[in-house]
Amino acid sequence: MTNTRMNQIIEPLVGLGTKPDVMYTNQEVVDHLKALQSALAQGVFEKTHAENLRDRDIMIHFEALAKEYGLDGTETYHRFKANMDELGYTIGSFIKGMCGERVARKALKLLSFDKSVRILYNVQLEDEDAQAEYDAIVVAPYGMFVIEVKNWGTAVKISPNGLLIRDDSSDIIYDLPGRMSVKEALLREYLQEIFPAHYHNLLLFPNERVQIQDNYHQVPISCGAGISYQIKSYAKTGESLTAEQVEKIAETILANHKEQRALCSVRCDEIIADYAKLMVQIEEASGKTGNIHLEPKAPTPANAVTQTERPWFRQINWGNVAASIAAVALPGLAATIAITHKR
């Protein structure tokens, strides 16, 4: 294995991804990690039609190559695979979380035409003790409504003490009363005397077919765009806020909005180094054992040059080698986006 070859592979990837000592916003994390994905994939797509393969097909190729050349038991292989799993999981989780604003906008579109109502999206508040993210806050003459979006497309149980549990994963649990109490406390801290008398928490599931077993019964639940009608129904209680008060509440919240930044746990530098090492290892191993192409071979034309007549470095299907290695950087979005336990 030569350092020169590894450096050739690493060079176009230097600086991509996130750094362990830099604070990022959610959007920046996604942008940086997807840039690393794109760079790895670009090297593959320039040499092969691997983009036509499904994620599962590519993963099968990668695992088969690692096993064929005895790499599946190495520390480098296991570390690379674990890091790429984390990269895919992180992208999926952050994208899933950020879709809360988009879902809320769609569900509240009808209410947005009411000029007496202010709707705030993706608000983040914090103090020295706590921080909270708000998918949407509705400030209306008849009260303030904090909307928690849960984009879960399966059966959901809410325990008697308010824990949201997905039926398809006992690991995905959300402490609804705990999180909503933090959100209310921060709003009370910043609004002080202008905190409205009528305050409500609402839980929104954008999937209208989600099955909910509510054993808590403390937070009203809406599915889809019906939440606009649910909020408007509170107008029957009468108005308690003037137009000036609605505006002042909304502007005070926005004035204290702070975009959150945090460290990213994905070890991008380690991914790049292990990627290059594995690529070189496969190149060296295939040079000794011959063609590593996993597809059935087509009949060789009579006038074609046989594999054994070619130099070893021309016998390798470099596209499939690169596709199999870089495939882990295409993290199976259908699976990873469904995971939201970081949200």
Can any side-chain N or O of D214 pair as donor or acceptor with the backbone N or O of I158 at less than 3.5 Å? no
Quick one: do E148 and K150 make a salt bridge, cutoff under 4.0 Å? yes
Is any side-chain heavy atom of Y121 less than 4.5 Å from a side-chain heavy atom of L108? yes
Any side-chain heavy atom of Q37 within less than 4.5 Å of one from I91? yes
Do S228 side-chain atoms and A107 backbone N/O form a donor-acceptor pair below 3.5 Å? yes
Looking only at non-hydrogen atoms, find the nearest pair between L263 and P20 and report the distance. CD2-O, 3.5 Å
According to a 4.5 Å side-chain heavy-atom criterion applied to Ile, Leu, Val, Met, Phe, Trp and Tyr, with indirect links allowed, do F113 and I231 form part of one hydrophobic cluster? no
Smallest heavy-atom separation, K19 atom then Y24 atom, equals N-OH, 2.8 Å
Start with the C-alpha distance between Y174 and L163, add both sets of side-chain angles, then the distance that settles side-chain contact (heavy atoms from CB on, under 4.5 Å), and finish with yes or no. CA-CA 6 Å; Y174 185 83; L163 296 180; over 6 Å; no
Can you tell me how far the OG1 atom of T18 sits from the CG atom of D31, to the nearest 0.5 Å? 12.0 Å
Taking atom CD as the centre, does Q192 end up with more than 12 heavy-atom neighbours from other residues, nucleotides or ligands that are less than 6.0 angstrom away? yes
Hydrophobic cluster identity match, V138 and L110, side-chain contacts under 4.5 Å: no
Nearest heavy-atom approach of K258 to E126 is CD-OE2, 3.7 Å
Cluster question for you: counting only ILVMFWY and a side-chain heavy-atom cut-off of under 4.5 Å, with indirect links fine, are V146 and I194 together? yes
Give, for atom CG of L16 and atom NE2 of H32, the distance between the pair rounded to the nearest 0.5 Å. 10.0 Å
So that I can tick it off, tell me whether E184 and R188 are bridged by a salt bridge, with the cut-off set at under 4.0 angstrom between side-chain N and carboxylate O. yes
Could you tell me the separation between the CG atom of D127 and the OH atom of Y190, rounded to the nearest 0.5 Å? 5.5 Å
Given Y234, which partner from the list Y229, Y142, F145 fulfils the ring-ring contact (aromatic ring centres under 6.0 Å, His included) test? F145
To the nearest 0.5 Å, atom CG of L204 lies from atom CD1 of I227 at 4.5 Å
I need the minimum non-hydrogen distance between R79 and D274, along with the two atoms involved. NE-OD2, 2.7 Å
May I ask you to decide if D72's main-chain N or O and H78's side chain share a donor-acceptor pair within less than 3.5 Å? yes
Given 3.5 Å as the limit, does a donor-acceptor pair link the side chain of K277 with the main chain of T76, or not? no
Over all atoms of both residues, closest heavy-atom pair of E133 and N26: OE2-ND2, 4.0 Å
Contact between L36 and C268 at the side-chain level, heavy atoms closer than 4.5 Å - yes or no? yes
Show the numbers, then the answer: is there a side-chain contact (heavy atoms from CB on, under 4.5 Å) between Y77 and T74? CA-CA 5 Å; Y77 170 82; T74 66; 3.2 Å; yes
Straight-line distance of K34 NZ to F94 CZ, nearest 0.5 Å: 14.0 Å
So do L176 and L203 actually touch side chain to side chain, heavy atoms under 4.5 Å? yes
How close do D135 and V149 get, heavy atom to heavy atom, and via which atoms? OD2-N, 2.8 Å
Below 4.5 Å, heavy atoms only, C-beta onward: do Y134 and I253 meet side chain to side chain? no
Any side-chain heavy atom of T242 within less than 4.5 Å of one from P141? no
Flag side-chain contact, heavy atom, 4.5 Å: I137 against M144: yes
Working to the nearest 0.5 Å, report the span between CG of L241 and NE2 of H198. 8.0 Å
Would V22 end up clustered with I272 when hydrophobic side chains under 4.5 Å apart are linked, directly or stepwise? yes
Walk me through it: do I212 and I221 pass the test side-chain contact (heavy atoms from CB on, under 4.5 Å)? CA-CA 9 Å; I212 305 170; I221 300 172; 3.6 Å; yes
Salt bridge or not for E86 and R267, using N-O below 4.0 Å? no
Shared hydrophobic cluster, V139 / L254 (ILVMFWY, side-chain heavy atoms < 4.5 Å): yes
Flag side-chain contact, heavy atom, 4.5 Å: V156 against Q211: no
Under the side-chain contact (heavy atoms from CB on, under 4.5 Å) criterion, do L111 and K232 qualify, and how do the steps go? CA-CA 8 Å; L111 199 61; K232 291 177 70 174; 3.4 Å; yes
Taking T25's backbone N and O only, do any of them form a donor-acceptor pair with E28's side chain (distance below 3.5 Å, no angle check)? yes
